[in-house]
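Step one of this worksheet: look at the structure below.
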Amino acid sequence: MLPTGGHGSPQRSPHAGFMSFTLSSFMPGLTVDGIAVLLAATLIGGLVRGFTGFGFAMVFMPLASVILGPVAALGLIWFIDLPFALPLAARSARQAEWREILPLLLTATLALPAGIWLLIWLDRETMRWVLASLVLIAVALMASGWRYHGRPTIPLSLGVGALSGLFNGMASIGGMPLAVFWLGAQRNDRHKTRANLQTFFGISTLISGTMLWWKGILTVGALMMAVPLFAIYGIGLWAGTHGFRLASEETFRRGAYLVIFLSALISLPLWDTVLGR
C-alpha cells in the first residue's frame, strides 16, 4: 500500500518529485504523461536505430508529434540525433557504398526545401495523418517481401533521394524511402545496409540543420528540451547496437517492423477521442 498524507492521498517519493521537477524545467508546458511519452519514444527509437541503422524518426516523430506538434517535434529530433549521427557516420563511411549514396544525397538536398514548406503549410492534424500514413505504408512495403533486383540505376537512385529529402523536410523521416530501397530489397547484407544508412544520415543531418535553422525551426527551446533526452537516446543506441551483434537476420527485421508499426498506429488522430488526447 502506498503511504498516504493527512488527507489519505498517496505521497509521491521525494526522488520522483525531484525528477519530475527537473524534467519539467527542461520541458515547460508539458504534462507528466507528455514527458513520459517523449522519454519512451526516445528510448525505443534509439533501440531501433542502434539495432537496424535506421528508424529513430519513424518511431519518435509520430509519437512526439502528438505531444508537441510536427514542427516542434522536428526541431527536437534534430538536436537529439546530432551528437550521435555524426560519429556513427564517421565510423560507417569506410564500409558505405558511395556510388549509391552520392546520387541520393544530391536529390535529397534539392527536395528538402519542398518538404519543409509542406510541414509549415499543412495544419497540425493533417500533418499527423500524413506522417503516420507514410510510416505505415513504408512498413507494409518492407514487410511484404518486395525485392529490388540488380544494382540501382541512376534515375532510380535520384528518385529515391528526392523522396528522402522531401520526407526529411516534412518529418525527419528521410531514412524511410532508403530503408524500403536498401533494407526491404535485401540487396546488401545488413552490415552494408547499416553503413549506407548511417553515413547518409550523418551528412543529411548537417544539410537539413542549415535549412531548419534558416526557417526558425531549430530554437533554444528545442535544444533545452533535447538535453535530458540525450542520455536516454544514447542508452537506447548502445543497447540496440549490442543487440544487433547477437540477433539473427529474421529477428533484426521483424523487431524493427513491429516497433515502427505500433508507433505509427498509436499516433493516428483517430484515437484522440478514445485516449482523451
Side-chain angles (χ1 to χ4, degrees), residues 27 29-31 33-42 44-45 48-49 52 54-78 80-81 108 111-144 146 159-181 183-184 204 208 211-212 215-219 222 225 256-277:
M27 305 178 182
L30 294 187
T31 65
D33 290 343
I35 293 173
V37 169
L38 291 182
L39 292 173
T42 302
I44 297 170
V48 172
R49 173 72 181 276
T52 66
F54 77 101
F56 175 49
M58 294 172 74
V59 174
F60 182 86
M61 281 298 294
L63 297 174
S65 294
V66 175
I67 305 300
L68 303 172
V71 175
L74 182 61
L76 175 59
I77 194 174
W78 190 89
I80 295 172
D81 200 37
L112 179 66
I116 296 175
W117 179 82
L118 283 172
L119 170 70
I120 297 171
W121 181 70
L122 293 173
D123 65 82
R124 175 172 176 158
E125 184 168 339
T126 301
M127 191 61 216
R128 284 178 55 202
W129 275 107
V130 170
L131 173 58
S133 299
L134 287 174
V135 172
L136 290 171
I137 291 169
V139 173
L141 280 173
M142 289 187 288
S144 69
W146 176 83
V160 172
L163 277 178
S164 176
L166 183 69
F167 292 169
N168 199 30
M170 289 173 63
S172 194
I173 53 173
M176 192 171 66
L178 301 179
V180 174
F181 185 51
L183 182 66
S204 63
S208 64
M211 291 292 300
L212 295 176
K215 290 293 186 179
I217 295 173
L218 298 183
T219 64
M225 194 174 293
Y257 298 159
L258 179 60
V259 170
I260 294 168
F261 171 78
L262 291 175
S263 174
L265 185 65
I266 293 169
S267 73
L268 285 168
L270 65 88
W271 304 114
D272 287 357
T273 304
V274 176
L275 299 176
R277 294 196 296 225

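Fair warning: this is a prediction, and the values are worked out from it, not measured in the lab.
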From Ile173 atom CD1 to Asn168 atom CG, the distance as rounded to the nearest 0.5 Å: 9.0 Å
Spacing of Ser172 atom OG and Trp78 atom CH2 [to the nearest 0.5 Å]: 10.5 Å
Reported OG1-to-CD1 distance for the pair Thr31 and Ile67, which is rounded to 0.5 angstrom: 6.5 Å
Short side-chain to backbone donor-acceptor contact, Trp271 and Leu265, under 3.5 Å: yes
Least distance between heavy atoms, Gly55 atom then Val48 atom: CA-CG1, 4.0 Å
Under 3.5 Å donor-acceptor, Ser65 side chain and Met61 backbone: yes
Side-chain (Ser133) to main-chain (Val130) donor-acceptor, under 3.5 angstrom: no
Option among Val135, Val139, Val59 that satisfies the side chain to side chain contact (heavy atoms under 4.5 Å, CB included) test with Phe261: Val139
Donor-acceptor pair, side chain of Arg128 and main chain of Pro62, under 3.5 angstrom: no
Side chain to side chain contact (heavy atoms under 4.5 Å, CB included) assessment of Leu178 paired with Leu163: CA-CA 9 Å; Leu178 301 179; Leu163 277 178; over 6 Å; no
Check: Thr126 side chain, Leu122 main-chain N or O, donor-acceptor pair, under 3.5 Å: no
Arg49 (side chain) donor-acceptor with Ile44 (main chain) under 3.5 angstrom: no
Full working for side chain to side chain contact (heavy atoms under 4.5 Å, CB included) between Ser267 and Leu131: CA-CA 9 Å; Ser267 73; Leu131 173 58; over 6 Å; no
Nearest non-hydrogen partners of Gly69 and Arg124, listed with the distance: N-NH2, 3.4 Å
Aromatic ring pairing Phe56/Phe60, orientation class (parallel under 30°, perpendicular over 60°, tilted between): tilted
From CE (Met225) to CD1 (Ile77), nearest 0.5 Å: 13.5 Å
Euclidean distance, Trp117 CH2 relative to Met170 CE, rounded to 0.5 Å: 11.0 Å
Minimum side-chain heavy-atom gap Pro113-Met211 below 4.5 Å: yes
Side chain to side chain contact (heavy atoms under 4.5 Å, CB included) between Val37 and Val66, worked out: CA-CA 9 Å; Val37 169; Val66 175; over 6 Å; no
Point-to-point distance, once rounded to the nearest 0.5 Å, from CG of Leu112 to CG of Leu166: 9.0 Å
Contact check, side chains of Leu38 and Met27, non-hydrogen atoms, under 4.5 Å: yes
Met127 versus Ala171, closest heavy-atom pair with distance: CE-CB, 4.4 Å
